[in-house]
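In what follows, chains carry the letters A, B, and so on, assigned in the order in which the sequence lines appear, proteins first and then strands, with residues in each chain numbered from 1.
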Number of protein chains: 2
Amino acid sequence: MQLSTCDTKRCFLCTASIPEWRDVITARKETRIYKKGELIFTEGDKVSGIYFVYEGAVKVHTHWGEEKELIIRFSTTGDILGHRGIAGEVYPVSATALEDTKVCFITNEFLEATMKTNPLFTQRLLQFYASELQKAERRMRNLAHMEVKGRIAETLLELQQIFGINKEKYIKLPITRQDISAHAGTTYETVFKFFTELTNANIITTSGKSIRINSEKKLRAYIPV
Amino acid sequence: MQLSTCDTKRCFLCTASIPEWRDVITARKETRIYKKGELIFTEGDKVSGIYFVYEGAVKVHTHWGEEKELIIRFSTTGDILGHRGIAGEVYPVSATALEDTKVCFITNEFLEATMKTNPLFTQRLLQFYASELQKAERRMRNLAHMEVKGRIAETLLELQQIFGINKEKYIKLPITRQDISAHAGTTYETVFKFFTELTNANIITTSGKSIRINSEKKLRAYIPV
DNA sequence: CGAATTATTGAGAGCAATCAACTGATGTGG
DNA sequence: CCACATCAGTTGATTGCTCTCAATAATTCG
């Protein structure tokens, strides 16, 4: 395991903390690089701490039966992973690197000690959770009532919002249709057919696994309300 | 607005707090009774504080378009309401009393002040959020991949688990098929037809709006994995 | 008692999953 | 270098589930 200190300017844990505390945590944090495709933690693993994404892209996902999976969210630089574990013994979800990803790891003991001595940090963490909860509930509603095309459209917009675009306006992270379908709660084929439709209407352009949204407005037309 | 102090033995806010702090909050809490069907807060309302259910039953729900709604969760004695609002300016969901419900209200200012001075409380609240997040993500997965019958079955089991059963083994809270469908993310008619099927197979018994689960095992057969 | 709302059931339509077939790219062994 | 196998990508056809709509029955309410 490769260890190094964090760049405190980019890390949620560091920027959230009070200055005095930052010095302490900077010295204690362990950083590791996960290769593309590598599992960071798995559903059912014993919770040992919390992760902060220093740099890279990660999918947080949970399986359903043998074949199906649902991607709960995509995470990138500055995001927190494994925080659902706080409430239980084991992680209820898995996390997989979508590209080479640098992650800071904080042990449970250290996290708890920090929360005890740093109320401001705990409060920030609380707000983060509340905001995650809002997103989760919004997504619940979408999965329940929005039809497939709308959910795929939302996934695309979310990917663009999370990972940003490069100078050619392509979404920075190349992503498989498989992952898009797993996030939208649909099948590979359905995503494929919708992509063909979107490409023909010049709403998106694809180049391998890179995607460019040409007309956000037209894409949003698939999302009623 | 009817005001009274809370029974600290049943209130999450009180039991979570350290003893010294309990005396303070007991004096400050405002309690109000909401009539069955009454809105406690509405999607879009400015966040003014957090609610604790002293006694009763509440649905937390969000709408989709004009007609459709999704019930995010059911709450009862000891649960917290409006906590999603912490992260934003307005409530992203609504809460409606399903029966006459007694609710404690804590203002934002007081909540924040409490968190600042009471790290233990903040930590308890954090754990509560983490557990809510886990539930939300589990539900996300179900809505995405489980078919309708399974989702209705889950709703029934959840209702029984949350509200308990009376001496005739009926779920304590009488609930409309409308609300069940809104929680399962389906339509009234579909719930109705499935109920007929379940009743014929003697898996459930209905009497008006009361429901009794006769065979939890058979009901679970509709929930794969 | 009549009107309006709610419950119940049936028939039909539509969306999306599943299945299957085809294409093209890459690899492998003769 | 070619024949064949394999596998991912692509597309079409079919099936089935669930929503929608509509019609009838029951109940509530004025």
Closest approach to the side chain of Y188(B), judged atom by atom: which nucleotide of dT11(D), dT18(D), dT8(C) is it?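 It is dT8(C).
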Looking only at side-chain N and O atoms, does S210(B) offer a donor or acceptor that is under 3.5 Å from a partner on S207(B)?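 Side chains of S207(B) and S210(B): no pair found under 3.5 Å.
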For atom [atom1] of [X] and atom [atom2] of [N], their distance in whole Å:
X       : N       : atom1 : atom2 : result
F195(B) : dT6(C)  : CZ    : P     : 18 Å
E147(A) : dT20(D) : CD    : C1'   : 13 Å
Y222(A) : dC15(C) : OH    : P     : 13 Å
F192(B) : dT24(D) : CZ    : P     : 17 Å
K193(A) : dA17(C) : NZ    : C1'   : 9 Å
F194(B) : dT8(C)  : CZ    : P     : 16 Å
H145(B) : dA16(C) : NE2   : P     : 15 Å
K149(B) : dC17(D) : NZ    : P     : 8 Å

Look at [X] and [N] and indicate whether a side-chain polar atom (N or O) is within less than 4.0 Å of OP1 or OP2.
X       : N       : answer
R177(A) : dA8(D)  : no
T190(B) : dT18(D) : no
T186(B) : dT18(D) : no
T196(A) : dT11(D) : yes

Would you call the rings of Y51(A) and Y91(A) parallel, tilted or perpendicular if under 30° counts as parallel and over 60° as perpendicular?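 Geometry flag for Y91(A) against Y51(A): tilted rings.
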cation_pi(K102(B), Y54(B)) dist<6.0 Å, angle<=45: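 Here K102(B) passes the 6.0 Å and 45° test against Y54(B).
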CZ on F74(A) to CD1 on I180(A), rounded to 0.5 Å: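 I180(A) atom CD1 to F74(A) atom CZ measures 7.0 Å (nearest 0.5 Å).
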Under 4.0 Å, counting only non-hydrogen atoms across every strand here, what does E189(B) touch: a base, just sugar-phosphate, or nothing?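 Touches a base.
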What nucleic acid atoms does K68(A) come within less than 4.0 Å of, heavy atoms only: base, sugar-phosphate, or nothing?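 If one applies the 4.0 Å heavy-atom cut-off, K68(A) turns out to touch the sugar-phosphate alone, with no base involved.
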Are E137(A) and R141(A) within salt-bridge range, i.e. N to O under 4.0 Å?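 Not counted as a salt bridge, because no side-chain N and carboxylate O are separated by less than 4.0 Å.
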